[in-house]
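Presented below is the structure to which this report refers.
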Number of protein chains: 2
Amino acid sequence: MNGGLRERKRAATQEKIERAALSLALEHGFENVTVDMICEASMVSQRTFFNYFGSKEGVIIGGTPPMPSDEHVDAFTRATGSNLLADFLTMITSSLLDREPDAALFEARRMLIMRTPELLIKETARMGESEDQFVAIIMTRFEVQGIKRANQTELEDEARMVVALTTGVLQYVRRRWANSQPGASTRDLLSNSIELIQRITNDQPQQSKGTAH
Amino acid sequence: MNGGLRERKRAATQEKIERAALSLALEHGFENVTVDMICEASMVSQRTFFNYFGSKEGVIIGGTPPMPSDEHVDAFTRATGSNLLADFLTMITSSLLDREPDAALFEARRMLIMRTPELLIKETARMGESEDQFVAIIMTRFEVQGIKRANQTELEDEARMVVALTTGVLQYVRRRWANSQPGASTRDLLSNSIELIQRITNDQPQQSKGTAH
DNA sequence: TAAATAAATGCATAGACTGCATAAAACAGC
DNA sequence: GCTGTTTTATGCAGTCTATGCATTTATTTA
């Protein structure tokens with residue numbers, strides 16, 4: 001059933017731990033906060049903490065790796081005619097934004113990540129864990145849109161490169177986002193980033209566009 | 001002085017630990033090998049192990065973050081007229097290749113990383129730690145080549161994006177490299193990757209090239 | 001050969017994390 | 001409301017990575 005006592009208590013506990021963790025980390029810095037401190041502040045056992053979040057970073061960057069919702073995936077695979085990299089990037093950022101409905105927690109996280117480069121790196125790493133699933137999503141889009149290459153491998157390489165580029169760009173975007181104003185538009189940030197990518201990759205003053213061999 | 005007993009012994013110890021670690025990790029898998037096992041196999045104390053490598057991953061992916069030599073940096077900042085991203089990527093991979101002169105260790109590392117996605121991620125993370133230094137190198141190239149933008153910030157953003165893209169692409173390249181034949185050419189792999197990037201970023205069937213706004 | 005420097009080690013300790021057993025709470029059916 | 005079942009929370013013991021500090025051992029330099 002939905003909204004049972006059990007479920008609500010679970011959500012409450014999770015939030016309580018998260019709030020305690022964020023608050024402590026903002027005050028003392030992430031690395032100076034121990035799991036025990038978080039447990040004491042949120043009045044749960046250490047074991048419970050790990051049951052919920054799996055690791056110390058987990059409580060900040062999310063206990064489970066981020067996966068876009070079916071709606072986002074659908075929109076992505078069907079968004080024909082636009083730029084693949086831009087669309088993928090948009091899907092990922094959208095699903096990241098959806099994950100945190102509470103504005104205060106959202107902002108706290110932003111500040112924390114800004115102050116803790118290590119967390120930004122870990123977040124990137126976590127994204128990398130889901131690589132295969134992301135590749136699958138992109139392959140679906142290729143299929144839906146009837147995009148073919150000489151062979152399946154080539155198509156998969158392309159998908160893998162898109163994911164790789166995205167994890168890289170995400171690091172850039174997150175940094176910019178972390179240093180931006182609280183209310184700043186993610187959309188603008190994204191389109192600026194994509195412009196920048198295109199400027200960089202298209203800029204090749206003297207080299208011909210053909211293969212380098 | 002150079003080649004003193006001290007220095008040679010140090011190099012010998014380091015190599016002994018590295019060999020033991022790689023051998024054990026290939027046999028049992030990285031996560032099933034403990035630091036104590038490595039210490040016993042290489043006959044050093046645990047403390048010595050950490051003095052050399054700082055962490056368990058360190059013994060596999062290198063005790064210190066990878067930084068290109070002055071020669072590489074020089075070549076990069078002066079290589080005018082070519083593609084920025086390609087040149088930067090080349091510099092990074094070159095310096096990575098230079099790090100391991102021993103072919104057997106090199107190959108062992110390749111196999112290990114192929115079998116241990118976690119290590120690939122950690123390696124990427126380590127690269128991210130040096131971001132600021134890389135940005136500085138790129139800024140130097142801008143300066144050497146007299147490249148200007150509206151303001152310094154814009155230039156730095158561009159540099160940061162190049163680093164971000166590179167860390168992403170590196171993940172792709174490393175995966176390809178890990179799964180390739182022992183003798184495969186890194187140069188070919190690189191140029192293929194760069195072609196792929198250009199195909200992806202230039203491919204925008206219906207969207208005009210201008211700003212999305 | 002003696003002083004200075006560097007390397008290796010031992011020991012104590014913190015802190016993250018896991019496995020396992022058990023207690024407490026919530027649920028489902030009656 | 002009572003009872004058996006399923007989740008959730010906890011306690012505890014133990015493993016493993018990692019660090020600080022003091023001490024010993026080896027190499028270098030003067």
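Being a predicted model, the structure only gives us computed values, none of them experimental. Residue numbering restarts at 1 for every chain, and letters A, B, ... go by the order of the sequence lines.
A salt bridge links B:D87 to B:R141: at least one charged side-chain nitrogen sits closer than 4.0 Å to a carboxylate oxygen.
Rounded to whole angstrom, the span from the CG atom of B:D36 across to the C1' atom of C:dT9 amounts to 14 Å. One can place CZ of B:F53 at 16 Å from C1' of D:dT17, the figure rounded to the nearest angstrom. Rounded to a whole Å, the CG atom of B:N32 is 16 Å from the P atom of D:dT15. The nearest whole Å value for the distance from the CE atom in A:M37 to the P atom in C:dG15 is 9 Å. C:dA8 atom C1' lies 13 Å from atom NZ of B:K16, rounded to whole Å. Rounded to whole angstrom, the span from the CZ atom of B:F50 across to the P atom of C:dA7 amounts to 19 Å. To the nearest angstrom, C1' of D:dC16 lies 8 Å from NZ of B:K56. One can place CD of B:Q14 at 15 Å from C1' of C:dA8, the figure rounded to the nearest angstrom.
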Each nucleotide N or O in nucleotides 8-11 of chain D that has a protein N or O under 3.5 Å away: list the pair and distance.
unit_1 : atom_1 : unit_2 : atom_2 : d
D:dA9  : OP1    : A:T13  : OG1    : 3.4
D:dA9  : OP1    : A:Y52  : OH     : 3.2
D:dA9  : OP2    : A:Y52  : OH     : 2.8
D:dT10 : OP2    : A:S45  : N      : 3.1
D:dT10 : OP2    : A:T48  : OG1    : 2.8

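Residues B:L190 and B:R187 have side chains not in contact (no heavy-atom distance under 4.5 Å, counting atoms from C-beta outward).
Between the side chains of B:R175 and B:N179, no donor N or O sits under 3.5 Å from an acceptor N or O.
Both the sub-6.0 Å distance and the 45° axial angle are satisfied by B:R10 relative to the ring of B:Y52. Annotation: cation-pi geometry not satisfied between B:R115 and B:F30 (NZ/CZ under 6.0 angstrom from ring centroid, within 45° of ring axis).
Put simply, CZ on B:R176 and OG on B:S193 are 6.5 Å apart, with the number rounded to the nearest 0.5 Å.
Take the nearest nucleotide of DNA chain D for B:G54 and for B:L5: the residue whose nucleotide is more 5' is B:G54.
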